[in-house]
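Reading through the structure tokens given below for one structure.
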Protein chains: 2
Amino acid sequence: MELAAAKLKFIEAWGKLGSEWGINRTMAQVHALLLISPEALTTEEIMEQLSISRGNANMTLRDLIGWGLIEKQHKAGERKEYFFADKDVWNIARQVAKERKKRELEPVLKVLNELSAVKGDEKDPEFKTFQKSIKDINKLAGNVDKTLETMLKADESWFWGSILKVFK
Amino acid sequence: MELAAAKLKFIEAWGKLGSEWGINRTMAQVHALLLISPEALTTEEIMEQLSISRGNANMTLRDLIGWGLIEKQHKAGERKEYFFADKDVWNIARQVAKERKKRELEPVLKVLNELSAVKGDEKDPEFKTFQKSIKDINKLAGNVDKTLETMLKADESWFWGSILKVFK
DNA sequence: ATAAAGTTTCAATAATTTTTGAAAGTTTAA
DNA sequence: TTAAACTTTCAAAAATTATTGAAACTTTAT
């Protein structure tokens with residue numbers, strides 16, 4: 001396979017994975033493009049390479065900055081803004097984990113905690129089943145939360161080294 | 001909070017979480033409903049409680065069966081089909097992990113492996129950057145894959161016990 | 001065989017999400 | 001200032017995804 005074809009394939013695969021995980025396809029594709037670009041790119045270049053509109057490119061780039069996955073770069077003596085992606089895959093994973101934890105896991109944990117406090121008739125099977133499910137989900141979510149906390153602070157090789165050693 | 005209100009809140013929260021993770025909201029809500037129901041429910045009851053159409057209920061229930069999250073139950077002397085959810089939250093987590101691994105992670109790993117094999121000019125920064133990103137993503141995906149494999153076979157308390165002990 | 005009870009299908013519709021593109025806004029240099 | 005270069009916004013359109021509901025189908029009991 002040619003490099004050009006391989007790049008397209010990667011951008012497509014990354015876009016598909018993103019959309020399956022609740023991340024808009026274009027956003028994942030722009031991220032993929034910047035991830036494999038040695039140089040920072042302009043909005044124009046991104047628009048052209050992915051055949052997307054200026055508005056879409058602008059919004060998507062803004063979102064990616066919001067996710068902490070890319071940054072703006074200014075080149076001396078140039079008006080144009082350039083964009084580049086952090087190439088460190090472990091940083092990317094941590095950044096995504098951090099944002100999704102904050103945006104999705106934490107609100108759910110909050111609701112689960114409220115629901116844990118609901119009182120009811122201990123003899124009522126409806127109540128007992130509800131209570132047990134909430135308790136179990138809460139426990140699982142708490143474990144996921146603690147593991148993510150560790151991951152966010154950890155060095156890649158230590159993290160996987162520890163996990164894979166135990167799981168040998 | 002009343003039990004009835006709490007149930008609605010749980011169904012809503014579960015539906016929202018599902019939709020943020022690429023799972024259709026109705027599917028997550030039906031799952032939530034069955035998860036907190038001590039008894040198996042009929043299609044009629046599900047339609048009514050969630051205000052959804054028969055067609056939607058039928059398709060959603062079929063999908064949930066396909067994900068291995070619920071099962072059909074036949075009651076003696078009754079024509080109707082009843083549905084119930086596995087209440088074991090660890091089983092649910094494993095089942096979801098198993099399906100998403102199969103449906104999403106594995107296809108991506110396949111593409112990444114193909115892309116790892118692409119040859120090019122070692123002096124070309126375009127090629128070097130591409131190659132490094134693919135390699136790094138491949139490594140991360142491989143570690144995730146191994147960890148999921150372990151999780152799929154593991155007992156809940158052993159799994160979290162091992163992880164949290166190391167990460168203390 | 002037939003009718004009632006129940007289930008499935010799927011074309012049409014509705015809802016939601018994404019994208020466009022042109023206008024408005026901003027910054028810089030002369 | 002002015003105008004060119006560039007960026008941002010957002011209402012409208014397009015694309016995608018989810019839902020409906022009625023007809024077709026299947027199963028069971030008589």
Side-chain angles (χ1 to χ4, degrees), chain A residues 11-12 14-34 40-67 69-84 100 103-104, chain B residues 11-12 14-34 40-67 69-84 100 103-104:
Chain A
I11 290 167
E12 189 190 16
W14 210 236
K16 178 148 173 284
L17 187 68
S19 68
E20 286 163 345
W21 286 85
I23 286 153
N24 147 353
R25 218 186 75 236
T26 302
M27 186 168 146
Q29 288 185 335
V30 170
H31 183 237
L33 175 62
L34 291 174
L41 302 179
T42 62
T43 302
E44 298 282 341
E45 289 168 318
I46 293 163
M47 286 166 59
E48 190 187 340
Q49 292 213 41
L50 300 178
S51 307
I52 61 174
S53 72
R54 185 173 300 286
N56 195 6
N58 185 271
M59 281 185 158
T60 297
L61 289 165
R62 173 141 46 73
D63 285 351
L64 282 167
I65 290 171
W67 275 80
L69 295 175
I70 68 170
E71 287 178 42
K72 277 188 187 175
Q73 192 173 67
H74 288 282
K75 295 202 179 180
E78 291 221 37
R79 292 276 304 271
K80 277 202 283 289
E81 291 177 334
Y82 287 76
F83 298 90
F84 73 99
R100 298 202 81 149
R103 298 173 191 212
E104 295 150 26
Chain B
I11 290 168
E12 189 189 19
W14 210 237
K16 177 149 173 285
L17 187 67
S19 69
E20 286 164 343
W21 285 85
I23 285 153
N24 147 354
R25 214 185 79 237
T26 302
M27 185 168 147
Q29 288 184 337
V30 170
H31 183 237
L33 175 62
L34 291 174
L41 303 179
T42 61
T43 301
E44 298 284 341
E45 291 168 316
I46 293 163
M47 285 165 58
E48 190 187 339
Q49 294 213 39
L50 301 178
S51 306
I52 61 174
S53 71
R54 186 173 298 286
N56 194 7
N58 185 269
M59 280 184 159
T60 297
L61 289 165
R62 174 140 46 72
D63 285 352
L64 282 167
I65 291 172
W67 276 79
L69 295 174
I70 69 171
E71 286 178 44
K72 277 187 186 175
Q73 192 174 68
H74 289 280
K75 296 203 178 178
E78 291 221 37
R79 289 278 302 273
K80 277 202 281 290
E81 291 177 333
Y82 287 77
F83 298 89
F84 72 99
R100 298 202 81 150
R103 299 174 191 209
E104 294 150 26

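Quick note on labels: first sequence line is chain A, next is B, and so on, each numbered from 1.
- Other residues, nucleotides and ligands contribute only 12 or fewer heavy atoms inside 6.0 Å of the CZ atom of Arg25(B).
- At whole-Å resolution of the value, NZ in Lys75(B) and P in dG6(C) are 14 Å apart.
- A donor-acceptor pair is defined here as one N or O able to donate and one able to accept, closer than 3.5 Å; such a pair exists between the side chain of Ser19(A) and the backbone of Lys16(A).
- The number of heavy-atom neighbours closer than 6.0 Å to CD of Gln73(B), taken from other residues, nucleotides and ligands shown, is above 12.
- Interatomic distance, CD1 of Ile46(A) versus CD1 of Ile70(A), reported as 6.5 Å (0.5 Å rounding).
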Tabulated below should be each protein N or O lying under 3.5 Å from an N or O of nucleotides 13-17 of chain D; please produce it.
none

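- Atom-to-atom distance recorded for Asp63(A):CG and His31(A):NE2 is 13.0 Å, nearest 0.5 angstrom.
- At whole-Å resolution of the value, CD in Gln73(A) and P in dT7(D) are 14 Å apart.
- Between atom CD of residue Glu71(A) and atom CG of residue Leu34(A) there is a gap of 11.5 Å, rounded to the nearest 0.5 Å.
- For the pair Gln29(A) CD and dT19(C) C1', the computed distance is 13 Å after rounding to whole Å.
- Contact annotation: Thr43(A) does not reach the phosphate of dC6(D) (side-chain N/O to OP1 or OP2, under 4.0 Å).
- Distance, His74(B) NE2 to dT27(D) C1': 11 Å, rounded to whole Å.
- Results of the side-chain contact (heavy atoms from CB on, under 4.5 Å) test with Phe83(B) over Leu33(B), Val30(B), Ile65(B), Thr42(B) single out Ile65(B) as the only residue that passes.
- Atom OG1 of Thr60(B) is separated from atom CE of Met47(B) by 12.0 Å, given to the nearest 0.5 angstrom.
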One pair to check against side-chain contact (heavy atoms from CB on, under 4.5 Å): Leu50(A) and Thr26(A). What are the steps and the verdict?
CA-CA 9 Å; Leu50(A) 300 178; Thr26(A) 302; 5.6 Å; no
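- Once rounded to the nearest 0.5 Å, the distance linking NZ of Lys72(A) with CG of Leu64(A) reads 12.5 Å.
- Look at NZ on Lys80(B): it is 5 Å from P on dG6(C), rounded to the nearest Å.
- Sorted by residue number, the members of residues 44-63 of chain A with any non-hydrogen atom under 4.0 Å from DNA chain D read Arg54(A), Gly55(A), Asn58(A), Met59(A), Arg62(A).
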Grab the N/O contacts between the protein and nucleotides 27-30 of chain C below 3.5 Å, and write none if there aren't any.
residue, atom, partner, partner atom, Å
dT27(C), O2, Arg79(A), NH2, 2.8

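- In this structure, the separation between CD on Glu12(A) and CD on Gln29(A) is 8.0 Å, given to the nearest 0.5 Å.
- At whole-Å resolution of the value, CD in Glu78(B) and C1' in dG6(C) are 12 Å apart.
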